[in-house]
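Report on the structure given below.
Throughout, a chain's letter reflects where its sequence line sits, starting with A, and its residues are numbered from 1.
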There are 2 protein chains.
Amino acid sequence: MSLPHAILTALLEKPSSGLELTRRFDKSIGYFWSATHQQIYRELGKLEAEGLIRALPAQQPARGQKKSYEVLPTGRAELTRWTAAAQDPKPLRDVMLLRLRASAVVGTEGIEADLRRHLELHERQLAEYEEIEKRDFPPGKDSTEDRLRHLVLRAGIDLETFWTQWLRHALEEFAELP
Amino acid sequence: MSLPHAILTALLEKPSSGLELTRRFDKSIGYFWSATHQQIYRELGKLEAEGLIRALPAQQPARGQKKSYEVLPTGRAELTRWTAAAQDPKPLRDVMLLRLRASAVVGTEGIEADLRRHLELHERQLAEYEEIEKRDFPPGKDSTEDRLRHLVLRAGIDLETFWTQWLRHALEEFAELP
DNA sequence: CCACCTTATGCAACTAGTTGCAAAAGGTGG
DNA sequence: CCACCTTTTGCAACTAGTTGCATAAGGTGG
């Protein structure tokens, strides 16, 4: 139950239409909570029905017409509540690790190429994050909001670093296999 | 579509009943692909219907009766195919990072305690993995299967290490916040 | 001036995972 | 000897996320 809260956060940062939200979910927020436009439109409808957000009254809400939303006080209150509430971390679920485990039983034929491909993907993602860090968090930018957002980006960078290192290690092991 | 393959892997490692599988999914395989017993029973039914596994014919399959399954050649072939097939890594989706981002907008009240709790949980998990590493992978145990399984465990250890370090860093930042 | 492309919105059906509950079989203690 | 507990299996309903497609408005080039 996090998508509505992701949307509330995004709308508080800046009121937006469905499509604008979709764009912003393709980067930024989407780096740790991805969503398709269908999910977003559906959720916007629900949030409006529940009275947590409302359409900005600027233009008539016809089809093919931009419709922007803003967060209402109830919405902000709900986000505040949710943010502070304890939540258990969800157990890991990773396909590549499962495949590696399977390959111990049915053989490693073919998986190495995909390990290599994943390494490239994670290296690219890491480079992108580091670019963002350089651009958005130069030394001195350290208001409370900046520090918190930087912390989130750091998690992304460290995670991608972990994956690139682990994948390199895995490929080295493969090279040594009989 | 990974649960059936997780089950095939587990059954190849050792033919089991639904309940035994459930137990094994609570550790080992479950560390990177968790599943509830309901999921497992449903999937066993499907896999049997598709002819990828079959019930061991030992005892009559009455209710409240153990029923063990083994993998058929078609099942092994399917697992081999799936393991070698390229698959994209799924985008990250992490609630804590989302909450941190939200807290930049609605305030950090309350979240610090949960960061501390998560740190403890991840420290505990890390200790458990390291225990397993010491027990199951002493120096010298390095057949191909051992190496592959060790690699998977290493990913778990490194991931938990990442989380503990990041959470400690986050808590330090919080201590400095106005 | 209209066929077609892009932008923006949205419905419907499907897949995967979770939650809650129940029922059959066998053992156990009062 | 039977009421109750544990083990093992499973159904049903619900929630979240994905995929495929539809539709309306407005601009664009031949």
Distance, rounded to the nearest Å, where B:Q39 contributes CD and D:dA12 contributes C1': 15 Å
A:D146-A:S143 side chain donor-acceptor pair, cut-off 3.5 Å: yes
B:R23 vs D:dT8: side-chain N/O to OP1/OP2 distance below 4.0 Å: yes
Touch class at under 4.0 angstrom, heavy-atom based, for A:T22 against every strand present: nothing
B:Q38 side chain, from C-beta outward: closest of C:dT9, D:dT18, D:dC11: D:dC11
Short side-chain N/O contact from B:R42 to OP1 or OP2 of C:dT15, under 4.0 Å: no
Opposite nucleotide pairing with C:dG30, Watson-Crick or G-U, both atom distances under 3.5 Å: D:dC1
Side-chain ion pair, B:E133 and B:R154, N-O less than 4.0 Å: yes
Residue whose closest nucleotide on DNA chain D lies nearer the 5' end, A:A35 versus B:Y41: B:Y41
Aromatic plane relationship, A:F137 with A:H150 - under 30° parallel, 30 to 60° tilted, over 60° perpendicular: parallel
Given DNA chain D, 5'-ward residue of the pair A:K46 and B:L44, judged by closest heavy atom: B:L44
Inter-residue atom distance B:R147.CZ - A:L100.CG, 0.5 Å rounding: 13.0 Å
